[in-house]
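Worksheet: one structure, shown below.
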Protein chains: 2
Amino acid sequence: MKLSNGVEWALHSCVTLSQSEDPVPAARLAELHGTPPAYLAKHLQALSRAGIVHSTAGQVGGYVLTRPAAEISALDVVRAIDGTEPAYRCTEIRRRGPLAVPAERCQTPCAIARAMAAAQDAWSAALAAITIADLAERIDADSDGTAMADVRRWLASTG
Amino acid sequence: MKLSNGVEWALHSCVTLSQSEDPVPAARLAELHGTPPAYLAKHLQALSRAGIVHSTAGQVGGYVLTRPAAEISALDVVRAIDGTEPAYRCTEIRRRGPLAVPAERCQTPCAIARAMAAAQDAWSAALAAITIADLAERIDADSDGTAMADVRRWLASTG
DNA sequence: GGCCGCATACTCGGATACTGGGTGTCCGAGTGCGTTCGG
DNA sequence: CCGAACGCACTCGGACACCCAGTATCCGAGTATGCGGCC
């Protein structure tokens with residue numbers, strides 16, 4: 001099980017966007033995070049499709065969060081990048097082979113699928129409980145309250 | 001995020017093995033589950049390397065669980081197949097770019113990495129709480145107590 | 001001086017190559033059983 | 001009749017192709033800005 005690398009970039013980008021009222025171009029986010037600009041842009045498109053960020057074209061265009069950072073969960077971002085499909089997909093092994101279970105007895109999911117789904121729910125719940133605002137606050141705390149101010153200052157500068 | 005297909009086969013195989021005292025060849029497990037024999041064998045090798053099953057060669061060889069099914073968690077099986085590496089790997093974005101955090105301030109993991117690790121822990125805990133014996137019991141309950149008996153009967157038959 | 005139109009530079013968005021891990025398969029090495037031969 | 005040696009069939013184990021999703025990149029479409037010209 002491997003999570004796309006873009007998830008990390010998207011989460012950092014959302015935290016950064018939470019510090020700016022004005023649109024921030026993808027190229028600028030890429031510069032700040034030290035990532036390939038074109039590839040980061042691809043993931044930002046996914047965030048846009050998911051309705052997490054709003055994009056504006058033109059000379060002073062860029063990306064802005066569509067709603068307050070406290071209303072965007074880490075789960076929202078992860079699902080936007082990685083998709084909503086669960087990690088475990090039951091292929092209905094029980095309905096194959098010499099001991100195949102007839103279809104009419106497969107109303108409820110396989111017990112193994114239920115266990116895996118419960119684990120996925122626990123994972124999702126943990127991510128749903130964390131918001132972008134929480135992440136920004138914690139990053140700030142890790143740096144004794146200077147990190148987010150530095151980001152705001154850098155975003156305001158002409159680069 | 002996508003979980004290897006072999007995880008499903010491995011879990012079903014372990015449940016099946018929990019119903020047999022005698023070694024069960026990979027080909028027989030593949031026949032019961034309707035899976036490609038060679039590919040299933042590959043995953044059983046992983047279970048063997050992880051110490052979950054013991055393999056015996058020779059004419060009446062096959063695979064046997066190394067310990068009671070109640071002492072094998074779903075997490076053990078998943079990790080044997082999928083590896084122990086966490087889904088989210090922090091690439092230390094904070095240490096790159098114009099606002100790079102100096103190394104001496106990176107003693108603790110990034111707040112984002114901590115959040116993702118917490119989610120992974122929740123996922124792992126949910127799987128660790130389920131044993132192969134639990135799964136066998138639930139599958140039996142789903143079938144009104146006939147499934148495991150059918151498996152035992154089929155394994156005992158000469159096929 | 002104010003307003004309108006246009007060229008411009010910048011932005012996003014999707015379409016296009018490349019690569020690594022998962023998928024699937026095969027054959028060789030090794031082992032325990034059954035048979036057979038000798039005592 | 002009993003024991004040991006042999007052959008065998010069956011098993012696992014690792015090494016070898018194939019394919020899709022993630023990785024990375026580029027160029028075209030569209031838009032808000034700023035300037036210049038006109039009234």
Side-chain angles (χ1 to χ4, degrees), chain A residues 1-10 13 17 20 22-31 33-64 66 78 80-89 91 93 158-159, chain B residues 1-10 13 17 20 22-31 33-64 66 78 80-85 87-89 91 158-159:
Chain A
M1 186 174 54
K2 190 167 65 78
L3 211 46
S4 167
N5 205 352
V7 169
E8 182 181 11
W9 304 351
S13 294
L17 288 177
S20 173
D22 302 320
V24 181
R28 201 148 174 78
L29 287 172
E31 180 192 358
H33 296 133
T35 63
Y39 193 26
L40 178 62
K42 184 186 182 68
H43 291 304
L44 290 172
Q45 288 171 30
L47 292 180
S48 178
R49 270 192 293 270
I52 294 174
V53 301
H54 175 69
S55 66
T56 50
Q59 246 175 347
V60 293
Y63 291 96
V64 191
T66 55
V78 170
I81 301 297
D82 197 59
T84 59
E85 205 165 321
Y88 180 90
R89 286 145 298 128
T91 61
I93 278 187
T158 54
Chain B
M1 188 173 54
K2 188 167 67 77
L3 210 46
S4 167
N5 206 350
V7 170
E8 182 180 10
W9 303 350
S13 294
L17 288 177
S20 173
D22 302 320
V24 182
R28 200 146 175 79
L29 287 170
E31 181 191 359
H33 296 132
T35 63
Y39 194 25
L40 178 62
K42 184 186 182 69
H43 291 305
L44 289 172
Q45 288 171 31
L47 291 180
S48 178
R49 271 192 293 270
I52 295 174
V53 301
H54 174 70
S55 65
T56 50
Q59 246 177 345
V60 294
Y63 291 96
V64 191
T66 55
V78 170
I81 301 297
D82 198 59
T84 58
E85 206 165 319
Y88 180 89
R89 285 144 298 128
T91 61
T158 55

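For clarity, every value in this text was computed on a predicted model and none was experimentally measured. In what follows, chains carry the letters A, B, and so on, assigned in the order in which the sequence lines appear, proteins first and then strands, with residues in each chain numbered from 1.
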Original post:
Between C:dC12, D:dT23, C:dC26, which nucleotide gets closest to the side-chain atoms of B:Ala38?
Top reply: C:dC26
Original post:
Closest nucleotide of DNA chain D for B:Met1 versus for B:Gly61: which of these residues is on the 5' side?
Top reply: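 Between the two, 5'-proximity favours B:Gly61.
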Subject >> Pairwise 5' ranking along DNA chain D for B:Val24 and A:Leu3, keeping only the more 5' one >> reply: B:Val24
**OP:** May I ask you to list the residues of residues 42-54 of chain A, by number, that have any heavy atom positioned under 4.0 Å from an atom of DNA chain C?
**Re:**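 A:Gln45, A:Ser48, A:Arg49, in order of number.
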Original post:
Taking only side-chain nitrogens and oxygens of B:Tyr39, does any of them come within less than 4.0 Å of OP1 or OP2 of C:dT25?
Top reply: no
Subject >> Short side-chain N/O contact from B:Tyr63 to OP1 or OP2 of D:dG13, under 4.0 Å >> reply: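 Answer yes for this pair, as a side-chain N or O of B:Tyr63 is under 4.0 Å from OP1 or OP2.
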Between atom [atom1] in [X] and atom [atom2] in [N], what is the gap in whole Å?
{"X": "A:Tyr88", "N": "C:dG22", "atom1": "OH", "atom2": "P", "result": "17 Å"}
{"X": "A:Arg28", "N": "C:dC10", "atom1": "CZ", "atom2": "C1'", "result": "14 Å"}
{"X": "B:Ile81", "N": "C:dG24", "atom1": "CD1", "atom2": "P", "result": "14 Å"}
{"X": "B:Lys2", "N": "D:dG22", "atom1": "NZ", "atom2": "C1'", "result": "11 Å"}
{"X": "B:Asn5", "N": "C:dG24", "atom1": "CG", "atom2": "P", "result": "7 Å"}
{"X": "B:Glu8", "N": "C:dT23", "atom1": "CD", "atom2": "C1'", "result": "15 Å"}

Euclidean distance, [Y] [atom2] relative to [X] [atom1], rounded to 0.5 Å:
{"X": "A:Glu8", "Y": "A:Ser13", "atom1": "CD", "atom2": "OG", "value": "10.0 Å"}
{"X": "B:His43", "Y": "B:Asn5", "atom1": "NE2", "atom2": "CG", "value": "7.0 Å"}
{"X": "B:Leu44", "Y": "B:Tyr63", "atom1": "CG", "atom2": "OH", "value": "5.0 Å"}
{"X": "A:Glu85", "Y": "B:Lys2", "atom1": "CD", "atom2": "NZ", "value": "9.5 Å"}

**OP:** Tell me, please, which residues at least two apart from B:Thr56 pass side-chain hydrogen bond (donor to acceptor under 3.5 Å, both in side chains).
**Re:**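 Testing B:Thr56 for side-chain hydrogen bond (donor to acceptor under 3.5 Å, both in side chains), a comparison that skips the adjacent residues, returns none.
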**OP:** Scan A:Ala26 against the nucleic acid and name what it touches under 4.0 Å (heavy atoms): base, sugar-phosphate only, or nothing.
**Re:**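 Result for A:Ala26 = sugar-phosphate.
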Could you pull out all residues at least two apart from [X] that satisfy side-chain contact (heavy atoms from CB on, under 4.5 Å)?
{"X": "A:Ala38", "result": "none"}
{"X": "B:Pro36", "result": "B:Trp9, B:Tyr39"}
{"X": "B:Ala87", "result": "A:Met1, A:Leu3, B:Met1, B:Gln120"}

Original post:
What heavy-atom pair brings A:Ile81 and A:Gly6 nearest, and what distance separates the two atoms?
Top reply: CG2-C, 4.0 Å
Identify each atom pair where a protein N or O and an N or O of nucleotides 28-36 of chain C are less than 3.5 Å apart, giving names and distance.
| unit_1 | atom_1 | unit_2 | atom_2 | d |
| --- | --- | --- | --- | --- |
| C:dC33 | O4' | B:Gln59 | OE1 | 3.4 |

